[in-house]
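What follows is a set of notes on a single structure, which appears directly below.
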Amino acid sequence: MPERKDYVDRLRKLEHMRSVGIDPYPHYFHVSQDISDIVKRENDFLGKEVSTAGRLMALRYHGKVGFGDLVMDGYKIQIFLRYDVLGDKYSNFKDIVDKGDFIGVKGDVVRTEKGELSILLKDFAIISKSLYDLPHQWFGIEDVETRYRQRYLDMILNPEIFEIFRKRSYITREIRNFLNSKGFIEFETPILQPVYGGANAKPFITYVNAIERNYYLRISDELYLKRLLVAGYPRVYEIGKDFRNEDIDSRHNPEFTMIEIYEAFKDYKYMMDLTENLIKHVAETVNGTLKISLNGREVDLSKPWKRVRMLDLLYENGIDAKRIGDDDIKELLKKYEIKMPAYVRGIAITKLFEAMFEESFIEPVFVMDYPRESTPLCKLHRDDPSLVERFELYINGIEIANGYSELNDPLLQERFFREEMERRTLGDEEAQQMDMDFIEALRTGMPNAGGVGIGIDRLSMILTGAKSIKEVIYYPILAPKQEK
RNA sequence: GGGCCCGUAGCUCAGCUAGGUAGAGCAUCUGGCUUUUAACCAGGUGGCCGGGGGUUCGAAUCCCCCCGGGCCCGCCA
């Protein structure tokens, strides 16, 4: 397979540089100011000499003058080359510098006749020679596969993508700031687990050589974080990757980032407040506003978020979940094309509810008080033991968060795990596993607590306006490219 | 898992319906140009038309299989 022509051309240029004593990959260049500093505080720098560096994204020669765009950290400044200033260095520049190279420049900050803030070059140095032509700047990269496989190209050429990932980093920073200021501490619990749990999902299986046993990549942090409540920490959280061996679409990536938060002596109502305040804090600090645009619709997060009981909403739409017969439920499941490996009334009602309403929750809504069987890890509802104190937060039609009053009764927990195991024997691959180590922890005593998990990728989608989860994941999973 | 669509130069795309020597713009290379910013002008290089197999005198084009990607549905309690 022949090498790309641009690569061959640049290699030749590289050899030429080396032959005249220029290192295309030197060890150091002194930067007195970042490009962003100069752009943001131009009045401080106008007329002064600076040395700065970035990737050269454009070059426009006009005989004995030239202009280029130097870019770093999402900021751009023009460089201005004059033969009458640079002398021989002018043609050196033309000989060895290409679009795409990282270069360092030294010169005075000036304005050109057209008013463009520029650095009038006195000297320059190659920092890193680029051996490929970058894709066309104006058209950018639109091929989705190239964008995901070579995300750095996507980021170089599509500034909005560069900003999405900067914002994503700010989102996790602000989550930490918010929680740390309230006395939470962050933990790192095991990713490799002998027994997986905390959610209903198919796991990834791996093998630990030293132990000669199969282990699982965690599907949730929950059962280990709760052990920290047993240990006596009142406020704990973890931000990390979970892994679920399921299908991939615009809302699901097999590895995704979750935060789980637990606070002792609280309940699910408190956790709804915490969740709402946390997301409002993040939106305001990261976006500078509580207004977001979802599906072209302006949504104001500052209004108090609605809280609805699942059964109330069903009742208002003609389904009395307390009284409806199982045959009628099965009829509705068929109508909404919901398949279940094993019919369980509470789970059926939950699925029905999601099928009927999920997509309609554009503005933030907390759905609360789920049927008992919808999760084995939640405390029974204090007023109705057929329900649990669970909530889910929906924004823009997708589930963003899931929280409970955490079950801390070891006897009930053991019973609920056994029910899950029965469901597994009936063919539900996503039923949870019995975790006796966790039961023993509960027997030792766990304070009552509120907990919530928030999908960071999905929250990032909401706050950046991304339409697919792949747009907020640096390297979304793709099949390996076949060798040609 | 089901349906629909896509893959042609470094990038963005045309050509395919109706088979007849692979095209454009940009990038790159050469030359010109002392205030441009998608710079401009002139000329040149560049492709196993995702891969394999058919049909045909002849395939980017028609047929089959495979690979990769996208969207929708299912699944994700």
Side-chain angles (χ1 to χ4, degrees), chain A residues 1-10 12-13 57-69 76-85 90 98-100 110-118 120 130-149 153 157 199-202 219 244-254 256 336-342 344 346-355 358 370-371 373-378 388 390 392 398-399 402 420 423 428-432 455 467-468 470 476 478-484:
Chain A
M1 170 134 127
E3 294 286 1
R4 285 170 53 165
K5 182 178 177 292
D6 53 348
Y7 180 66
V8 173
D9 287 348
R10 296 284 174 98
R12 203 176 302 126
K13 194 170 278 196
M57 290 299 293
L59 259 179
R60 300 175 291 278
Y61 288 116
H62 300 259
K64 294 199 167 59
V65 297
F67 302 90
D69 296 336
K76 178 179 92 180
I77 193 162
Q78 179 167 269
I79 58 171
F80 181 17
L81 297 87
R82 298 181 61 115
Y83 174 75
D84 55 13
V85 174
Y90 186 79
D98 291 298
K99 263 188 279 189
V110 298
R111 275 191 188 290
T112 60
E113 281 179 17
K114 292 279 163 70
E116 181 82 19
L117 189 72
S118 307
L120 179 59
S130 173
L131 301 182
Y132 286 144
D133 292 331
L134 291 175
H136 196 275
Q137 227 199 119
W138 179 254
F139 297 107
I141 295 191
E142 292 179 10
D143 179 62
V144 175
E145 189 177 351
T146 307
R147 288 186 46 224
Y148 294 156
R149 287 193 196 279
L153 286 179
L157 290 155
N200 298 67
K202 291 173 222 165
I219 59 171
R244 298 185 184 176
N245 208 344
E246 287 160 358
D247 275 338
I248 302 162
D249 64 25
S250 62
R251 297 199 261 283
H252 299 85
N253 195 65
F256 63 101
Y336 284 94
E337 296 178 328
I338 300 165
K339 275 172 274 172
M340 288 182 66
V344 177
I347 293 176
I349 290 169
T350 306
K351 283 185 179 247
L352 198 54
F353 175 83
E354 286 170 355
E358 195 167 37
Y370 280 61
E373 301 93 331
S374 73
T375 169
L377 298 165
C378 186
V388 285
R390 175 189 185 189
E392 288 196 330
I398 61 178
E399 180 193 334
N402 178 22
E420 291 283 323
R423 199 175 307 145
D428 186 348
E429 287 181 84
E430 285 161 359
Q432 301 199 17
K467 293 199 167 50
S468 165
K470 288 181 177 171
L478 294 176
K481 200 160 188 162
Q482 66 176 136
E483 292 296 320
K484 281 185 185 170

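Chain letters run A, B, ... following the sequence lines, proteins first, then strands; residues in each count from 1. Worth knowing before you read on, the calculation uses all heavy atoms, side chains too, and leaves out hydrogens, waters and symmetry mates.
- Residue R390(A) is classed as a base contact, given a heavy-atom separation below 4.0 Å to a base.
- For K13(A) and C29(B), the shortest distance from a side-chain N or O to OP1 or OP2 is below 4.0 Å.
- Looking at heavy-atom distances under 4.0 Å, K5(A) makes contact with a base.
- Figure legend. A22(B) is base-paired to no nucleotide; pairs are counted as Watson-Crick or G-U wobble with both atom distances under 3.5 Å.
- G43(B) is paired with C29(B) under the Watson-Crick or G-U wobble criterion, all donor-acceptor distances under 3.5 Å.
- If you check every strand for non-hydrogen atoms under 4.0 Å, N245(A) touches nothing.
- Donor-acceptor pairing under 3.5 Å, judged by distance alone, is absent between the side chain of D143(A) and the base of G7(B).
- Remark: the E116(A) side chain and the U37(B) base include a donor-acceptor N/O pair separated by less than 3.5 Å.
- Nearest nucleotide to the R82(A) side chain, out of G10(B), U28(B), U35(B): U35(B).
- For the pair F67(A) CZ and U37(B) C1', the interatomic distance rounds to 8 Å; values are reported in whole Å.
- Counting any heavy atom pair closer than 4.0 Å across all strands shown, L157(A) reaches no nucleic acid atom.
- Within the shown strands, nothing qualifies as a pairing partner of C49(B) under the Watson-Crick or G-U definition with both distances less than 3.5 Å.
- Taking 4.0 angstrom as the limit, K470(A) places a side-chain polar atom (N or O) nearer than this to OP1 or OP2 of G70(B).
- Nucleotide G7(B): paired with C67(B) (Watson-Crick or G-U wobble, both distances less than 3.5 Å).
- Note on D98(A): only backbone sugar-phosphate atoms sit closer than 4.0 angstrom, heavy atoms only; bases stay farther off.
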Which atoms of nucleotides 38-40 of chain B (N or O only) lie under 3.5 Å from a protein N or O atom, and what are those distances?
| unit_1 | atom_1 | unit_2 | atom_2 | d |
| --- | --- | --- | --- | --- |
| A38(B) | N1 | W138(A) | NE1 | 3.2 |
| A39(B) | N7 | Y61(A) | O | 3.3 |
| A39(B) | N6 | Y61(A) | O | 2.5 |
| A39(B) | N1 | H62(A) | ND1 | 3.2 |

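- Residue D247(A) is in base contact, counting any heavy-atom pair closer than 4.0 Å across all strands shown.
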